[in-house]
**Student:** 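Quick one: this structure, given as structure tokens, is what I'll be asking you about.
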Amino acid sequence: MIVCPRCSKENQDHYKFCLGCGAELPREAAKKDFAPPTPTDPPAAAEKNLEFAATQQGDSLARESHPVPQPELSREPTPVPEKPAAGPNNCPACSNPVPVDFKFCGTCGHRMDEDAPAEAPAPAPEPAPAAEPAAPAVQARATLVLINPDGTEGASFSLPDGSSQVGRDAGGLFAGDAYMSPVHATFAFSADGCIVRDEDSLNGVYVKIGRDQPVRLNDGDVFRIGQEIVRFTAIAKTGAVDGVEQMGSPNPDYIGRLSLVVGRTSTGNSYTIPSDGMHIGRERGDVIFPEDGYVSGLHCRIHHDGKGVVLTDVGSSNGTFMRVKGEQKVQNGELLLMGQQLFRLQF
């Protein structure tokens, strides 16, 4: 037996590496310190030598599995036994049997617990399909140009021919506006021009009206000045119905009512419009919004022009915007409010 100098484990004489720690075993320890029996030896001495040799061969299982090494009589190398077929408890490096609880192979010193099943070879890549011809680039019919708060131009969004939708789902300059709906509006082009359609957005699409150009106000119309959203409600004159006078407070010739929109179906303060009209502003007028810095000192006027009620911008800095009801035709260069962003439509 060969005693490992590192861990003191006993190993059989033909092992080159320790079964306990994997260290290389000293080769000199395999030599035997006895001489083979000769014919001149007395029978008792020969029998004693044979018993000593049998003691050096290890247990009976080792003698059955491996041939008993003979004393070194010459310098020829000891023949190496043939490697048995690899099995579940055989060393994957040299195919010699190794007990299941051993960490190292006693023949070659291979570490048994580091083996892992070999990975299956990667399948050969399939040939790439033939590239399809690239689709022709879509030519933009118009562009939505973002107007920055200081009046300069910012990013732009191309509108191809046909129809295209804008909103947070479109990404780009619309994605970060929390006041825009996922699908806010649709722009459609035809031979007659461009149509913008409000896709039932929460906060609407607004088109700027021209300065000093009266715009007709119909019952339920909504307009925006600064951050104020205002709804107009027409007030019809009361009279007798089938010869019966209607009860209620007398109408002192009011032509309509303005209500501040604070939600999709809710309103805030309301203001009646007298027959001679009214002005709205931040500093002057019949209705003022002193806290809204986007409303001009004198912003707009509402009055009756003999045919109906009209809204007129009187030269405000930031403009007056009418909300689109359903869909509306828009012209080249017109300004639109969507969410909290101002755009110019550029053909």
Side-chain angles (χ1 to χ4, degrees), residues 128-213 215-216 221-230 261 264 293-296 300 311 313 315-347:
E132 297 182 358
V138 179
Q139 186 174 4
R141 176 71 179 270
T143 305
L144 283 175
V145 181
L146 178 67
I147 306 300
N148 295 318
D150 60 358
T152 60
E153 294 185 358
S156 62
F157 182 84
S158 297
L159 298 173
D161 201 3
S163 63
S164 55
Q165 294 180 332
V166 299
R168 285 208 319 273
D169 286 351
L173 65 164
F174 308 110
D177 191 340
Y179 292 92
M180 290 194 73
S181 297
V183 178
H184 199 92
T186 298
F187 288 84
F189 292 90
S190 64
D192 296 333
C194 179
I195 297 293
V196 59
R197 181 171 60 253
D198 186 353
E199 297 293 349
D200 196 27
S201 63
L202 179 62
N203 294 309
V205 179
Y206 294 83
V207 178
K208 186 179 180 180
I209 66 175
R211 177 181 297 185
D212 296 324
Q213 297 179 10
V215 175
R216 186 74 56 200
D221 280 349
V222 176
F223 63 93
R224 176 173 173 176
I225 57 172
Q227 296 292 339
E228 313 303 323
I229 309 297
V230 185
V261 178
R264 182 182 279 269
Y294 295 96
V295 176
S296 295
C300 63
L311 169 67
D313 185 277
S316 65
S317 299
N318 295 312
T320 302
F321 294 81
M322 286 288 297
R323 182 167 182 169
V324 174
K325 296 177 68 174
E327 63 181 30
Q328 178 178 325
K329 187 174 182 179
V330 287
Q331 305 295 331
N332 178 34
E334 285 201 286
L335 296 174
L336 298 93
L337 268 174
M338 293 186 292
Q340 287 289 63
Q341 300 182 93
L342 178 64
F343 299 93
R344 186 179 69 249
L345 180 64
Q346 190 71 50
F347 290 0

**Student:** Can you check whether Leu311 reaches Cys300 side chain to side chain, under 4.5 Å on heavy atoms?
**Tutor:** yes

**Student:** What are the two closest non-hydrogen atoms of Gly167 and Phe174, and how far apart are they?
**Tutor:** O-CB, 3.2 Å

**Student:** Would you call Met322 and Val207 a side-chain contact if the rule is heavy atoms closer than 4.5 Å?
**Tutor:** no

**Student:** Over all heavy atoms of both residues, which pair between Phe189 and Pro160 is shortest? Give the atoms and the distance, please.
**Tutor:** CD1-O, 3.6 Å

**Student:** Let me have the donor-acceptor pairs involving side chains of residues 336-347, under 3.5 Å, with sequence neighbours excluded, atom names and distances please.
**Tutor:**
unit_1, atom_1, unit_2, atom_2, d
Gln340, OE1, Arg224, NH2, 2.9
Gln341, NE2, Leu173, O, 3.2
Gln341, NE2, Asp177, OD2, 3.3
Arg344, NE, Gln346, OE1, 3.1
Arg344, NH1, Glu153, OE2, 3.3
Arg344, NH2, Glu153, OE2, 2.5

**Student:** Might you point out which heavy atoms bring Val166 and Leu159 nearest each other, and give the distance in Å?
**Tutor:** CG1-CD2, 4.3 Å

**Student:** Looking only at heavy atoms, which two atoms of Ala185 and Val196 are closest? And how far apart?
**Tutor:** CB-CG2, 4.3 Å

**Student:** Could you check whether any side-chain N or O of Glu228 sits under 3.5 Å from a backbone N or O of Ile225, counting only pairs where one atom can act as donor and the other as acceptor?
**Tutor:** no

**Student:** Compare every heavy atom of Gly319 with every heavy atom of Asp313, then report the nearest pair and how far apart it is.
**Tutor:** OD2-C, 3.7 Å

**Student:** Which residues satisfy the side chain to side chain contact (heavy atoms under 4.5 Å, CB included) test with Asp212, sequence neighbours excluded?
**Tutor:** none

**Student:** Please report the shortest heavy-atom distance between Ser163 and Thr186, naming the atom on each side.
**Tutor:** CB-CG2, 4.1 Å

**Student:** The test is side-chain contact (heavy atoms from CB on, under 4.5 Å); show your working for Ile229 and Arg323 and say whether it passes.
**Tutor:** CA-CA 10 Å; Ile229 309 297; Arg323 182 167 182 169; 5.6 Å; no

**Student:** Classify the side-chain pair Thr152/Asp150 by whether it contains a donor and acceptor separated by less than 3.5 Å.
**Tutor:** yes

**Student:** Taking the side chain as every heavy atom from C-beta outward, state whether Ile209 and Phe223 have any pair of such atoms under 4.5 Å apart.
**Tutor:** no

**Student:** What distance do Arg197 atom CZ and His184 atom NE2 have between them, rounded to the nearest 0.5 Å?
**Tutor:** 13.5 Å

**Student:** Within a strict 4.5 Å, meaning less than it, do heavy atoms of the Tyr206 and Val222 side chains meet?
**Tutor:** yes

**Student:** Side chains of Phe321 and Lys208: does their closest heavy-atom pair fall under 4.5 Å?
**Tutor:** yes

**Student:** Within the side chain of Ser317, is there an N or O that forms a donor-acceptor pair under 3.5 Å with the backbone of Ser296?
**Tutor:** no

